[in-house]
Amino acid sequence: MVRIRYFKGLILSDFSAPGLTWNDELKCYIGPAMKYRDVLYYFKRSNVEVNDEVLELLPFPIITEKIRLRRYQEEALGAWLRTKRGIIVIPTGGGKTVIALKAIALIKQSTLIVVPTIDLLQQWYEKVKDLLGVEAGRIGGGYDELKGITVITYDSAYTQIEKIGNKFAFVIFDEVHHLPSEGYSMIAQGSAAPYRLGLTATPERSDGRDQLYPSLVGPIVYRVAISDLAGKYLSDFTIKRIYVRLTEDEEKLYKHYRGILRNFLVNHNLELKSLEDFNRLVRLAIRDKEAREALLAWHEALKIAVNSKAKIEKLKELLKELKGEKIIIFTRNTSMAYEISKLFLIPAITYKTPKQERIEILEKFRSGKYSVIVTSSVLDEGIDVPDASIAIVLGGYGTPRQFIQRLGRILRKKENKSARLIEIISKGTSDYNLSRRRTQNATL
DNA sequence: TTGACTCAACATCCTTTGCTACAA
DNA sequence: TTGTAGGTTTCCATGTTGAGTCA
């Protein structure tokens with residue numbers, strides 16, 4: 001007979017099993033709690049009797065479920081149910097939440113839902129009430145209620161997982177692309193939950209840590225692309241690129257800053273061909289004054305390219321042409337967002353916008369009182385943004401994730417509506433590269 | 001309870017051009 | 001003179017969030 005138990009995010013066992021190592025202090029074999037399912041399976045397969053004291057599950061509430069899934073949602077759920085582990089990839093607006101709620105109704109065991117923002121905490125709380133007929137517990141954003149179905153922020157889960165890691169049989173990671181980061185991955189490791197579901201529209205990470213998914217949650221078990229749903233469940237869409245040139249003054253300044261960078265690289269026999277090269281430059285800049293100047297010059301040049309005057313001129317034309325349409329303008333820098341806000345008298349939302357003001361602006365955008373808003377990257381993810389028909393991208397990162405998230409903002413299905421994403425790009429500059437990087441690698 | 005503040009964590013951060021193939 | 005192996009420092013700036021503290 002082998003005894004296994006839970007202790008502060010770990011699983012403790014009297015006997016050895018794959019994934020466990022001997023610990024002198026605790027005088028037993030230990031491993032991360034996420035190994036629970038494998039360890040249990042290993043002992044059972046080896047015909048070893050187990051005294052299992054790991055889980056102390058919270059009671060599951062009585063629910064009244066009334067969810068009807070679309071066909072692809074059924075398929076996604078079916079794929080996940082085969083192993084009850086893994087990630088479902090569905091575009092924004094494709095209805096990830098209802099699949100997860102249906103899964104909760106089928107599993108019927110205590111469930112922890114991990115979300116990145118307080119906005120999503122509230123949205124999930126409301127959905128659980130609406131579609132399962134129970135009040136979920138909430139942890140984070142000023143709440144601290146532990147219940148059979150609990151919604152928690154990643155930040156709170158990170159600090160509390162040692163305490164609650166054995167109280168849930170099922171854990172759902174919303175926007176699961178956050179999970180592999182160094183700190184947050186501890187949540188998955190410290191949880192003993194045998195059933196795991198990850199949800200996202202954009203699983204790929206630029207740091208390559210998406211390779212950790214199989215061990216933390218399970219592999220991608222189902223994936224549907226935007227183009228698969230466009231026309232039927234999401235709006236049809238078009239993507240248009242408009243190229244502009246820097247003004248003479250901007251080009252002069254741009255070349256000046258790029259020259260500083262280039263001279264430094266040439267003089268020091270360096271290249272900027274990979275992210276590693278770039279990080280090397282960053283490390284150099286800590287001590288070396290010239291390297292620091294080169295890096296600052298790189299920042300300045302990028303700012304000129306991404307926020308060029310020609311883009312604002314083109315935007316002016318577009319706003320005239322698209323009068324009456326619901327438009328979200330996306331920028332890379334907050335300064336550009338505020339400049340446009342001032343110039344065209346458009347409300348701006350950035351991370352500096354107080355919460356109440358943000359709610360008011362979005363409400364007026366929803367009701368149609370505002371037809372155009374400008375934002376940096378706060379509205380990319382995690383906030384319930386009223387749908388628009390046109391997205392104008394003036395600047396952004398080189399990541400496909402941001403591109404797909406922004407596109408998702410205009411794809412909510414409406415009758416007779418075709419969505420349009422318009423990118424304005426400064427040709428012959430690093431802005432062109434950023435745009436190419438984000439669109440080339442995006443699976444649409 | 002609210003608001004203003006600080007702090008820690010997370011994310012992005014690289015290729016600027018010559019050539020070819022292909023679609024409009 | 002040229003080549004190579006071997007560690008180490010989680011980061012120039014900017015944007016964003018949640019949590020905690022204090023008045």
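By convention in this document, chain letters (A, B, ...) are assigned in the order of the sequence lines, proteins followed by strands, and residues within each chain are numbered from 1.
Residue A:Arg437 has a polar side-chain atom (N or O) positioned under 4.0 Å from OP1 or OP2 of B:dC13. For the OP1/OP2 pair of B:dC13 and a distance below 4.0 Å, the side-chain nitrogens and oxygens of A:Arg332 include at least one atom meeting the criterion. Considering only side-chain N and O atoms, A:Arg258 lies under 4.0 angstrom from the phosphate OP1 or OP2 of B:dT15.
Using a 4.0 Å heavy-atom distance criterion, A:Pro116 is classed as a sugar-phosphate-only contact. Residue A:Arg436 is classed as a base contact, given a heavy-atom separation below 4.0 Å to a base. Using a 4.0 Å heavy-atom criterion, one finds that A:Arg438 contacts no nucleic acid atom at all.
Screening A:Gln402, A:Arg409, A:Gln405 against A:Asp380 for a side chain to side chain donor-acceptor pair (under 3.5 Å) leaves a single residue, A:Gln402. Of the listed residues (A:Tyr222, A:Phe170, A:Tyr195), just one forms a ring pair (Phe, Tyr, Trp, His ring centres under 6.0 Å) with A:Trp80, and that residue is A:Phe170.
Comparing the P positions of B:dT20 and C:dA5 gives a spacing of 37 Å, expressed to the nearest Å.
Taking the six-membered ring wherever Trp is involved, the centroid distance between the rings of A:Tyr72 and A:Tyr233 falls below 6.0 Å.
Inspection of the A:Tyr351 and A:Thr334 side chains reveals no N or O donor paired with an N or O acceptor under 3.5 Å.
Under the salt bridge (Lys or Arg N to Asp or Glu O under 4.0 Å) criterion, A:Arg366 pairs with A:Glu363, sequence neighbours left out.
With hydrogens and angles ignored, the 3.5 Å screen pairs no side-chain donor or acceptor of A:Arg412 with any backbone N or O of A:Gly93. Between the A:Ser371 side chain and the A:Gly324 main chain, no donor and acceptor come within less than 3.5 Å of each other.
Of all heavy-atom pairs spanning A:Asn166 and A:Val54, the tightest one is ND2-O, 3.0 Å. Taking all atoms of both residues into account, the shortest heavy-atom contact from A:Leu77 to A:Ala103 is CD1-CB, 3.8 Å.
The aromatic rings of A:Tyr158 and A:Tyr184 stand perpendicular to each other, their planes meeting at an angle above 60°, with 30° marking the opposite boundary.
Residue A:Tyr432 places no side-chain atom within donor-acceptor reach of the base of B:dT17, judged by atom type and a 3.5 Å distance cut-off alone.
For C:dG3, there is no paired nucleotide, since no Watson-Crick or G-U wobble pair has both relevant distances below 3.5 Å.
For the pair A:Lys316 and A:Phe344, the NZ or CZ position fails the cation-pi test of under 6.0 Å to the six-membered ring centre and within 45 degrees of the ring normal. With A:Tyr125 as the aromatic partner, A:Arg138 meets the cation-pi criteria of under 6.0 angstrom to the ring centre and within 45 degrees of the ring axis.
DNA chain C is contacted by A:Leu295, A:Leu296, A:His299 of residues 293-308 of chain A, taking any non-hydrogen atom closer than 4.0 Å. Non-hydrogen atoms lying under 4.0 Å from DNA chain B are contributed by A:Gly428, A:Thr429, A:Ser430, all within residues 423-431 of chain A.
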As a check on the pairing definition, encode DNA chain B in dot-bracket form, counting Watson-Crick and G-U wobble pairs whose two distances are under 3.5 Å, and using | for partners outside this strand. .|||||||||||............

Along nucleotides 19-24 of chain B, 5' to 3', which nucleotides get a B, which get an S, and which get a -, given that the test is a protein heavy-atom distance under 4.0 Å? ------

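From the 5' end on, the contacts that DNA chain C makes with chain A at under 4.0 Å to a non-hydrogen atom open and close at C:dT9 to C:dA19.
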